[in-house]
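Quick note on labels: first sequence line is chain A, next is B, and so on, each numbered from 1.
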Number of protein chains: 2
Amino acid sequence: MNLQQLRYAHEVAKRGLNITEAAAALYTSQPGISKQIRLLEEELGVDIFVRQGRRLTDITAPGRQILDIIEDVLGGLANLKQVGEEYSQADSGTLTIATTHTQARYALPPVIRAFMARYPGVRLELHQGNPTQICDWVIAGKADLAIATEAIAEQHELVMLPCQQWNRCVIAPPGHPILEERPLTLEAIARYPVVTYDSAFSGRSQINKAFAARDLSPNVVLTAIDADIIKTYVSLGLGIGIVAAMAYDASADTGLRAVDASHLFESSMTRIGIRRNAWLREYAYVFIELFAPHLARPLVQAALQGDSRVDPGL
Amino acid sequence: MNLQQLRYAHEVAKRGLNITEAAAALYTSQPGISKQIRLLEEELGVDIFVRQGRRLTDITAPGRQILDIIEDVLGGLANLKQVGEEYSQADSGTLTIATTHTQARYALPPVIRAFMARYPGVRLELHQGNPTQICDWVIAGKADLAIATEAIAEQHELVMLPCQQWNRCVIAPPGHPILEERPLTLEAIARYPVVTYDSAFSGRSQINKAFAARDLSPNVVLTAIDADIIKTYVSLGLGIGIVAAMAYDASADTGLRAVDASHLFESSMTRIGIRRNAWLREYAYVFIELFAPHLARPLVQAALQGDSRVDPGL
DNA sequence: AACTGTTACGCGTGACGTAATGATG
DNA sequence: CATCATTACGTCACGCGTAACAGTT
């Protein structure tokens, strides 16, 4: 058995059972992969892939289990490298964070500022995407941490740690009648055109749920993936906006007014997602704790080991 | 990086940092191991072992973490092989159980009989040892399951699943005055010479604890690692015995009488120990469920994944 | 006809074993 | 002097790439 064989099988599975594509991705030849996979299957005594004639069409039952284990093993190898880097260059390296616009724009800046001051040698990479992409990146090892809201129903490969709870507010241009509604109701909101998040983002599902529960269908005239866009169009008078409360800054958003809407929508939870069993660099733990002070290192480590007892409240 | 390198480093660490010995154990040459380990260290950029001159004297801090990860990776490889065997020969293979005399003699026979009837093609191996050895065997991959009482305070590498609770009884030759004590007390027991388990076994610690709590020091004249020896000497009149209740069989042990002692000693728990993240053969799950019917497969699997929420009461 | 996986084959690297050397107690 | 790790070196095998071949759509 061979590490390459494991990498090959993994990549082929990842690339939709296409050996040619896997070969290209790994900068090697198709025949090499083909052969090594057959050798692996031979050694294990089980086929991993279903072949119809000369084409891979599916993964066998044992194949699924084998690929799961291979993922663990390859994750372990990545961890080994991390340990090496940690000790050979403790204060330099890269921290890659996959996150959404909302987090990157409103929640992360002070954290990143503090982090950079503390670890000037660490290169920070911020990858922006939707919650699904973000999680995939972390699972694939392309990012160390995912930071998002509602980020996908507990994937097995990821450990999700609760960070902050946040609520929404309704924004409108000054003088808009919605600002006079006391108390603010869903029914009132439903009377005006609404601008809010795209359905893949920022707990848009919470918003839908709240309206659905009252049998209301808001007139959503525009959806965006970030609050800045929403605010822009609300200023233009396109409608009223529903955004994360943290996205409204009274002093900066002078052309807008906001009304708290905590009571209308279930609050959302920002979470950090980390690959299960991942080995994190020292500075990654520091980053996490800067972002969510209650997530102290030992807690995070216990959670990474799959200890579900550790569920740090909020 | 290379699987061999990982195996080498692992074996060297296991063999007390002796490359020569590791080479012998792996049927290869010292220079090969020496070189491959250096290559691994070079690739990771960190020393795993502390060298004083030409001798390995210790493991470095990163080395400890690296070796931990290596253990996981090698465990994964073992799991791959298991999957292969499971599917290539579903009903044949080997199940290796490490256990103590008490379990092997009194608790396991009916289970093993049932198991053998169901899986005639599976070779059963029973390795007998003390709780410490038993756990080590499972961790080292020499055995699939450990079955023991009080088997060591929760090792991180092992998942321990509670199986049965059991109590003790006092045995004595017919006519012995202890048999007339109603109710039986620790003080009464302390008046006679006692024969019981060796301190490494069968919750001997529970016995000590009970006496210590009353400031009594029983006159232990003989300790043994199994109940058969104890019973033999009790029959000879050497003293009274304290054994697991399951070890006394009124119909078979005609030269002995027993008195329940559940109220005197804290009850003990038989547990099954399995390597964390191990991949078990189908028949291993069946065996576990035969032994402890409440330990259904999904429960055991969840526990193996390190899900500590799963703590199946008794 | 285009695409994809498999077989055949030759090359080069790299892992391994033997022998020799260097440290250490 | 015995033990043990490291260096040096030759050998062999295995993984890889190229080329040709064989199914699939």
In whole Å, what is the span from the [atom1] atom of [X] to the [atom2] atom of [N]?
X: A:Glu42; N: C:dT6; atom1: CD; atom2: P; answer: 13 Å
X: B:Gln4; N: C:dG14; atom1: CD; atom2: C1'; answer: 13 Å
X: B:Leu3; N: C:dC16; atom1: CG; atom2: P; answer: 11 Å
X: A:Leu56; N: C:dC3; atom1: CG; atom2: P; answer: 18 Å
X: A:Ile33; N: C:dT4; atom1: CD1; atom2: P; answer: 14 Å
X: A:Leu39; N: C:dT7; atom1: CG; atom2: P; answer: 11 Å
X: B:Arg55; N: C:dG22; atom1: CZ; atom2: P; answer: 17 Å
X: A:Gln36; N: C:dT6; atom1: CD; atom2: C1'; answer: 14 Å

Tabulate below the donor-acceptor pairs under 3.5 Å that side-chain atoms of residues 70-87 of chain B make, not counting sequence neighbours, or state none.
unit_1: B:Asn79; atom_1: OD1; unit_2: B:Arg275; atom_2: NH2; d: 3.3
unit_1: B:Asn79; atom_1: OD1; unit_2: B:Trp279; atom_2: N; d: 3.0
unit_1: B:Asn79; atom_1: ND2; unit_2: B:Asn277; atom_2: O; d: 2.8
unit_1: B:Glu86; atom_1: OE1; unit_2: B:Arg281; atom_2: NE; d: 2.7
unit_1: B:Glu86; atom_1: OE1; unit_2: B:Glu282; atom_2: N; d: 2.8
unit_1: B:Glu86; atom_1: OE2; unit_2: B:Glu282; atom_2: N; d: 3.4
unit_1: B:Tyr87; atom_1: OH; unit_2: A:Gln65; atom_2: NE2; d: 2.4

Legend entry - Closest approach of A:Thr100 to A:Ala148 (non-hydrogen atoms, all atoms of both residues):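 Between these two residues, the closest heavy atoms are CG2-CB, 4.1 Å.
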Legend entry - Over all atoms of both residues, closest heavy-atom pair of A:Gly129 and A:Ile134: O-CD1, 3.5 Å
Inset, instruction - May I ask you to check whether A:Arg7 and A:Gln4 show a side-chain donor-acceptor distance below 3.5 Å? - result: yes
Inset, instruction - Evaluate whether atom CD of B:Glu125 has more than 12 neighbouring non-hydrogen atoms of other residues, nucleotides or ligands under 6.0 angstrom away. - result: yes
Inset, instruction - Compare the minimum distances between each of C:dT18, C:dT6, C:dA23 and the side chain of B:Ser29, then state the nucleotide with the smallest one. - result: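 The closest nucleotide is C:dT18.
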Inset, instruction - Report the nucleotide, chosen from C:dT4, C:dC16, C:dT6, that has the shortest atom-to-atom distance to any side-chain atom of A:Arg38. - result: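 Shortest atom-to-atom distance from the side chain points to C:dT6.
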Legend entry - Sugar-phosphate, base or nothing in reach of A:Tyr8, heavy atoms under 4.0 Å: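 Result for A:Tyr8 = sugar-phosphate.
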Inset, instruction - Report which part of the nucleic acid B:Leu17 touches: base, sugar-phosphate, or nothing (heavy-atom distance under 4.0 Å, all strands). - result: sugar-phosphate
Legend entry - Distance flag, aromatic centroids of B:Phe287 and B:Tyr283, threshold under 6.0 Å: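 No.
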Inset, instruction - Assign each of A:Arg54 and B:Gly53 to its nearest nucleotide of DNA chain D by heavy atoms, then name whichever residue's nucleotide is nearer the 5' end. - result: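 Mapping each residue to its closest nucleotide by heavy atoms, the 5'-most match is B:Gly53.
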Legend entry - Comparing A:Lys35 and B:Ser34 on DNA chain D - which has the more 5′ nearest nucleotide: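 Per heavy-atom nearest nucleotide, the more 5' residue is B:Ser34.
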Legend entry - Outermost DNA chain D nucleotides near chain A [under 4.0 Å, heavy atoms]: D:dG15 to D:dT24
Inset, instruction - Report yes or no: is the cationic atom of A:Arg297 (NZ for Lys, CZ for Arg) under 6.0 Å from the centre of the six-membered ring of A:Tyr285, at an angle within 45° of the ring normal? - result: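 Yes.
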